[in-house]
Amino acid sequence: MRHIISILVENEPGVLSRVAGLFSGRGFNIETLNVAPTLTPGLSIMTITTHGDEQIIEQIIKQLRKLVTTLKVVDLSEASSVEREMMLLRVDAEGTKRAEILRIVDIFRCKVVDVSPDELIIEVTGEQGKLTALINLLQRYGIKEVARTGAVALRRGMQG
Amino acid sequence: MELSGAQILLESLRREGVDVVFGFPGGAVIDIYHQLPNYPIKHVLVRHEQGAIHAADGYARASGKVGVCLVTSGPGATNTVTGIATAYMDSIPVVIFTGQVPTPLIGNDAFQEVDIVGITRSCTKHNYLVKDVTKLAHTIKEAFYLASSGRPGPVLVDIPKDVQQAVTEYKYPKTIKMRSYNPTIEPNIKQVRKVADLIAKAKKPIIYAGGGVISSNAHEELIWLARTLKIPVTATLMGLGCFPGDDPLWLGMLGMHGTFAANHAINNADLILAIGSRFDDRVTGKISEFAKKATIVHIDVDPTSIQKNVLVHVPVVSDCRAFLLALNRELAPRLDEGTASPSHDKWLTQVGEWASEHPVTYSHEGTAIKPQAVVETIYRLTGGKAIITTEVGQNQMWAAQFFRYHTPRTFLSSGGLGTMGYGFPAAIGAQMAFPDKLVIDIAGDGSIQMCIQELATAVCYGLPVKIVILNNGYLGMVRQWQELFYAKNYCATCLEVAPDFVKLAEAYGAAGYRVTDPSEVEKTLKEAFALPRTVIVDIVVDREENVYPMVPAGKPLTEMLLV
Ligand SMILES: Cc1ncc(C[n+]2csc(CCOP(=O)(O)OP(=O)(O)O)c2C)c(N)n1
Ligand SMILES: [Mg+2]
């Protein structure tokens, strides 16, 4: 099962390698990883997506909590949460392809953020499924490069 | 008060109550050594940094206090890595101070620079590079707090040379509070009640104790529980000494070289109280066949130990002693009412039968000295009142099987990592903690050569450590595996050239004995133990003696090879 794990950590040198080293040293896999500071000075949030059965996910969470630099670990897949990832794609857009690509951009509510005579850079935000669907559609035109942020996620507010 | 970084370190050690530091100098720690004579701290100059870290570890295991080690940057630091990993695997509180190149040079591949914080990240509980002298005192306080609280472990503090020289106002924190580190010490009382309820129903309970009982000083509470409810007790290698080895409820060690009774009892029990133990593969054997009939209760201060190898029914995150105090309190009124637990007489009879059917024993045939008999003799001569350290291999297992440990902190052995070379420096550390106790390293002829250079240290400080070598001319434990599972292909396990250990001892200024005749063993050991000097007793034993019982790796615990 895919899990999104959100980790609140002390923002100090070496924290990222403590977390990454824990995953590699214990044979857990990291699918995506995102780190950024929070509004509280000195604290950062890491968002990691990973795969594993219940027992493995439980171990991952406990091991992360055990790191001396960790304040809080939440398995967001347990709660209902909002998940987003941003992706930039450099797509071959020569000649007649361009109009077709722009139509797809429209349908997916993406943005074109850079234009040149024979290619476009497209920005898209969404859940993993949406990003995969877009890649599948654009593949036939030629995707030259992709950069992704990895998932970020937040727990949803109170639900009625 | 304005102090330099070097002074801050030493003053802080003094305030932490550190009376001895095991170390080895170098360019990156000269500033600290320059100040050392001004502080009431003994320094033991080892001959190899591995000796320093093992000695600090042995000091910590024997005394329960934090062991301290001080080494230089680069090779000094890397030489401690094996010992740090040894302490990490066995949850031993040590603090390691390493010198580092000056901060402006960090990252430049400067002379004797290594990223020791990076190297030891996965074998320390936590580690620090202190780049700012104003943070040094606080970091040291935190290091000692982390090393000794929760699940103990090694903590490394890397201090660049310019930080040692920089001067700042000194203030040592009295207490420490970390927002990101708050180990759970007290058990959830609902879980404690659940355990008491399970005990009230169990007909075949067993206590499976580990090193956590020793590190939390919970042995008295454990003994009370076992004796009051008549629950048989087994322990891991790390747990030896947490329960008296001559008590009728004592089953001996369990696992790969455990007793027939302990292994059968755990696999037939209906309730297992796992206290401060961690279901290591050397303990469980084939995991799918392990203790299938039992409800398992697991008490550990480290939540990651729970549900890691074995799915347990009642997890309890708690310090072992805090848990046992709470459980024993919970049991008191039930004992008054007579509802605490049913009679275990039938179970104890069954367990007793296993024990008498297959006691831990060995063949007495032949004329050679039996290594097991040597350990039995050491036990007899000392009345069990010695601190025993071990090397790794057959010597270690015989020391675990044929010496009965009665009190905690008297059996010091590298359990988790299995580090050859541990025993002798650890004995030096233990002897520093207890100058008047008899400290004996039960050694193998292979292992002892891994830190033999510490003979100079022991002699230099007048430490009367005894090394008893069970000399079989082999890397015996590996040879045993080759004999049993690799068609007797004794590749690279015969130690064809061996030093003359008597001459070697004498060359270092220690005393040396060699024994080849069984009738000389007792007499020689007696003489050696009475000498107030560092002594090697080299005992030539039956070369191809094996450690039994043995559960082949990956087999169920009850499929045991017996004598
Ligand atoms: C540092 C290290 N290297 C290798 C091993 C693998 N090993 C385990 S036991 C053993 C043999 C030890 O020989 P010796 O000290 O003579 O003990 P014996 O088994 O003969 O009693 C070896 C090589 C180890 N445990 N530690
Ligand atoms: Mg040997």
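Note that this is a predicted model, so its numbers are computed, not measured. Keep in mind that the numbers below use all heavy atoms, side chains included, and drop hydrogens, waters and symmetry copies. Each chain gets a letter, A, B and so on, in the order its sequence line appears, and its residues count up from 1.
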**Item:** Rounded distance (nearest 0.5 Å) linking atom CD of Gln63(A) with atom CG of Asp302(B)
**Value:** 7.0 Å

**Asked** About how many Å separate NZ of Lys66(A) and CZ of Arg151(B), when rounded to the nearest 0.5 Å?
**Response** 4.5 Å

**Item:** Note, Leu311(B) side chain near Gln55(A) side chain (heavy atom, < 4.5 Å)
**Value:** yes

**Request:** Flag the one option from Leu22(A), Leu43(A), Ile56(A) with the top tally of heavy-atom pairs under 4.5 Å to chain B.
**Result:** Leu43(A)

**Message:** Using only non-hydrogen atoms and a strict under-4.5 angstrom cutoff, which residues of residues 8-21 of chain A touch chain B?
**Reply:** Glu10(A), Gly14(A), Ser17(A), Arg18(A)

**Asked** Distance from Thr69(A) atom OG1 to His126(B) atom NE2, nearest 0.5 Å?
**Response** 5.5 Å

**Prompt:** chain A: which of Lys308(B), Arg179(B), Lys125(B) shares the most heavy-atom pairs with it under 4.5 Å?
**Reply:** Arg179(B)

**Prompt:** Is Lys141(B) atom NZ crowded by more than 12 heavy atoms from other residues, nucleotides or ligands, each under 6.0 Å away?
**Reply:** yes

**Fill in**
Value for CE (Met178(B)) from CG (Leu71(A)), rounded to nearest 0.5 Å, stands at 9.5 Å

**Message:** By the salt bridge (Lys or Arg N to Asp or Glu O under 4.0 Å) test, which pairs, at least two apart or in different chains, include something from residues 21-37 of chain A?
**Reply:** Arg2(A)-Glu31(A)

**Asked** If you measure from OG1 on Thr304(B) to CD1 on Ile61(A), what distance do you get to the nearest 0.5 Å?
**Response** 13.0 Å

**Prompt:** Does atom NZ of Lys135(B) have more than 12 heavy-atom neighbours, drawn from other residues, nucleotides or ligands, at distances under 6.0 Å?
**Reply:** no

**Message:** Counting only non-hydrogen atoms closer than 4.5 Å, does Leu146(B) touch chain A with its backbone (N, CA, C, O), its side chain (CB onward), both, or neither?
**Reply:** side chain

**Message:** Is any side-chain heavy atom of Gln307(B) closer than 4.5 Å to one of Lys62(A)?
**Reply:** yes

**Message:** Looking at Asn108(B), I want to see if its CG is surrounded by more than 12 non-hydrogen atoms of other residues, nucleotides or ligands under 6.0 Å.
**Reply:** yes

